[in-house]
Number of protein chains: 2
Amino acid sequence: MSISKTNRLSLVEQVVSQIEALIESGEWKIGNQIPPEMDLIKQFDVSRNTLREAIRSLVYAGLLVTKQGKGTFVRSSSALGIAFQRRIQQSSLLETLDVRHALEREGAQLAALRRDQEDIEKLRSNIEVCRIAAKAKDIKAYEEADIQLHKSIMGCSHNSLLIDLYEHMEDSLHDSIHQIIELSSEANFHLTLHCNLVDAIIEQDVNRASEMVNEYIAQFKKNLE
Amino acid sequence: MSISKTNRLSLVEQVVSQIEALIESGEWKIGNQIPPEMDLIKQFDVSRNTLREAIRSLVYAGLLVTKQGKGTFVRSSSALGIAFQRRIQQSSLLETLDVRHALEREGAQLAALRRDQEDIEKLRSNIEVCRIAAKAKDIKAYEEADIQLHKSIMGCSHNSLLIDLYEHMEDSLHDSIHQIIELSSEANFHLTLHCNLVDAIIEQDVNRASEMVNEYIAQFKKNLE
DNA sequence: ACCTCAAATTTGTAGGATGATTGGTTCATT
DNA sequence: AATGAACCAATCATCCTACAAATTTGAGGT
C-alpha cells in the first residue's frame with residue numbers, strides 16, 4: 001500500500017489556490033474587478049459550479065466580494081484579517097482593548113527598535129496632520145489622522161503579521177477614538193501623548209514608547225467606565 | 001432613493017449562517033458527521049448548488065471537512081485557527097514570535113492582575129507537572145506540560161478573545177516548530193523562568209511577570225539561531 | 001440634450017445527469 | 001465456516017442547461 005496519505009486536491013481547491021496566488025501576487029489588485037465567471041471558466045477549464053464554489057469560498061473568507069449584476073471584486077489579500085475581524089465583533093470593547101494594548105505596545109516597541117529614515121519622515125508627516133486637525137478642531141479629520149498615525153507606527157515594526165492583525169481592528173479603533181475625542185478636555189492630552197510616543201520611537205527609546213502606549217490605553221479604559 | 005446600503009443576504013449566506021449557528025450551539029458537535037446533502041437540501045429548502053456553495057465556504061474556512069464517499073464532518077467551531085495556520089505557514093517564524101510575545105506579555109500581566117484562587121491552584125498544579133516531567137527528563141511530557149501551563153496563564157486573564165487568539169496561534173505554531181528545551185542542563189533555566197513567572201502572577205507582581213515573559217521569548221529566539 | 005425602455009452583461013438559484021470514492025452485502029469457492 | 005470477489009448503495013465531486021435578479025449599456029423618441 002502506498003503511503004500517500006494526502007489525497008489529491010479537488011478541482012475546487014485547485015481553483016481556489018490559483019485565485020489566491022493571483023491575489024497574493026498582485027496580478028488581481030485590491031478593489032479591482034476580476035474577470036466574469038464565463039471567462040474564468042475558460043481560463044481554469046472547469047465547470048461553472050466548480051468555479052462558483054471556489055469563488056464563494058473566497059468570498060466567505062473575505063478575499064473577494066460579489067455584486068449581482070456588476071461583478072466580482074478583490075476585497076483583501078488577508079483571510080486572517082477578516083477572520084480576526086469577525087471574532088472581534090463578538091467580543092466586548094473591554095476585551096478588545098486588552099488585545100489592542102498587546103498589539104500596540106509590541107508595535108511601538110518594535111517600531112522604536114526597527115524604524116528607518118523613511119519611517120521617521122512618515123511619522124513626522126502623520127503627527128503634523130494630527131496637529132493641524134486638532135488646531136482646526138476638525139474632529140472628523142483628527143480621527144482619521146490619528147488612525148493613520150497608529151497604522152504608520154505599526155508599519156515601523158516591519159512585521160506584516162502584526163500589521164495585518166492591527167489593521168483589522170480598525171472598527172474597534174474608530175469606536176474608541178470617537179469616544180475620546182468628544183471629551184475635548186482630553187483631546188489635548190491625547191495629542192501630547194502621541195507626540196511623545198512618536199518622539200520616543202524616533203529616539204529609539206523603547207521603554208518610553210511602551211509607557212506612552214500604556215497611558216494611552218489606560219485613558220481609553222477610564223472612559224469606558 | 002432609500003438608503004438601505006446593506007443588500008439582503010443571499011441564500012448561500014443565509015445557509016452559511018444557519019450552519020454556523022448549528023455548529024456554534026453545539027447541535028452539530030465537532031468530529032460528528034452532518035446530514036448528507038440531500039437531507040440538508042430539504043431541511044434548508046434550497047437547491048443543491050446553493051447548499052454546496054455554503055458547505056464549500058465553511059470547508060475552506062475550516063469549520064467543516066468533506067470526504068468523498070463518506071460524508072461531511074464538523075472540524076472546528078472557529079475559523080480563526082485555520083486562518084492562523086495558513087498565515088503562519090507562509091510567514092516567517094520571527095514575525096510570529098513578535099505577535100506571540102505581544103499576546104503572552106499582555107496575558108501574563110492581566111493574569112497577575114486578575115487571577116483568582118481557582119486560577120492559582122491550577123497554575124500550581126500545572127507547574128508541578130512541569131517539574132515532574134523535567135525531573136524524569138521526559139521531553140515530550142515536558143513540552144506538553146509547558147503548553148498547558150501557558151494556556152492556563154492566558155486563562156487567568158479571563159479575556160476570551162485573548163485566550164482564543166493565543167490558543168489558535170499556539171496550536172499552529174506548535175505544529176510547525178518544536179522548541180528546543182535543554183532539560184539536561186543542571187540549571188534548567190527554562191523551568192526556573194516559568195516558576196518565577198507563576199510566582200509573579202500569584203503575588204500579583206505585574207512588572208516581574210512581564211519581565212519573565214520577555215526573558216522567555218528572548219531565550220526562545222536565541223535557541224532558533 | 002434628456003428621458004424611457006429594451007437589450008446585454010453578470011451574478012444568483014434551481015434541478016438533472018454522471019463520475020468517483022467509500023462501505024457494506026451477497027454469494028460462490030475453498 | 002472462513003475467505004475473497006463481485007456487486008450495490010450511499011455520498012460527495014463535477015458538469016450541464018435553464019431561468020431569475022440586478023446592473024449597465026445603448027438605441028430611439030421627444
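Below, chain A is the first sequence line, B the second, and so on; all start at residue 1.
Here the C1' atom of nucleotide dT10(C) and the CZ atom of R56(A) are 13 Å apart, to the nearest Å. The CD atom of E53(A) sits 16 Å away from the P atom of dT11(C) (whole-angstrom rounding). Rounded to whole Å, the distance from CG on L40(B) to C1' on dT13(C) is 17 Å. Taking atom CG of residue D39(B) and atom P of nucleotide dC12(D), one finds them 9 Å apart after rounding to whole Å. In this entry the distance linking CD1 of I55(A) with P of dT10(C) reads 14 Å, nearest Å. Rounded to whole angstrom, the span from the CD atom of E13(A) across to the C1' atom of dC12(D) amounts to 12 Å. If you measure from atom CD of E37(B) to atom C1' of dT11(D), you get 7 Å, rounded to the nearest angstrom. Computed from coordinates, the I34(A) CD1 to dT10(C) C1' distance equals 12 Å when rounded to whole Å.
In summary, the side chains of R87(A) and S91(A) do present a donor paired with an acceptor at a separation below 3.5 Å, with no hydrogens or angles considered.
Judged by atom type and distance alone, Q68(B) does not reach the base of dA13(D) through any side-chain donor-acceptor pair under 3.5 Å.
Applying the 6.0 Å contact sphere to CG of D138(A) captures more than 12 heavy atoms from other residues, nucleotides or ligands. In E118(A), the CD atom is not crowded: 12 or fewer heavy atoms of neighbouring residues, nucleotides or ligands sit closer than 6.0 Å.
Dashed line: the shortest gap from a side-chain N or O of T66(B) to OP1 or OP2 of dT11(D) is not under 4.0 Å. Contact annotation: K70(B) reaches the phosphate of dG23(C) (side-chain N/O to OP1 or OP2, under 4.0 Å). Between R52(A) and dG12(C) there is a side-chain N or O to OP1 or OP2 distance below 4.0 Å. Of the side-chain N and O atoms in S10(A), none sit less than 4.0 angstrom from OP1 or OP2 of dC12(D).
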Got a list of protein N/O to nucleotides 14-18 of chain C N/O distances below 3.5 Å?
unit_1: dA14(C); atom_1: OP2; unit_2: S47(B); atom_2: N; d: 2.9
unit_1: dA14(C); atom_1: OP2; unit_2: S47(B); atom_2: OG; d: 3.4
unit_1: dA14(C); atom_1: OP2; unit_2: T50(B); atom_2: OG1; d: 3.0
unit_1: dA14(C); atom_1: N7; unit_2: N49(B); atom_2: ND2; d: 3.2
unit_1: dA14(C); atom_1: N6; unit_2: N49(B); atom_2: ND2; d: 2.9
unit_1: dG15(C); atom_1: O6; unit_2: N49(B); atom_2: OD1; d: 3.4
unit_1: dG15(C); atom_1: O6; unit_2: N49(B); atom_2: ND2; d: 3.0

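A residue-by-residue look at G69(A) and M38(B) shows that M38(B) has its nearest nucleotide of DNA chain D further toward the 5' end.
Between H101(B) and F220(B), the ring center distance fails the sub-6.0 Å criterion.
Between D98(B) and R114(A) there is a salt bridge, since a side-chain N of the basic residue sits under 4.0 Å from a carboxylate O of the acidic one.
Cation-pi geometry between R86(B) and Y60(B) is satisfied (NZ or CZ under 6.0 Å from the ring centre, within 45° of the ring normal). In this structure, K67(A) forms a cation-pi arrangement with F73(A), its terminal cationic atom sitting closer than 6.0 Å to the ring centre and no more than 45° off the ring axis.
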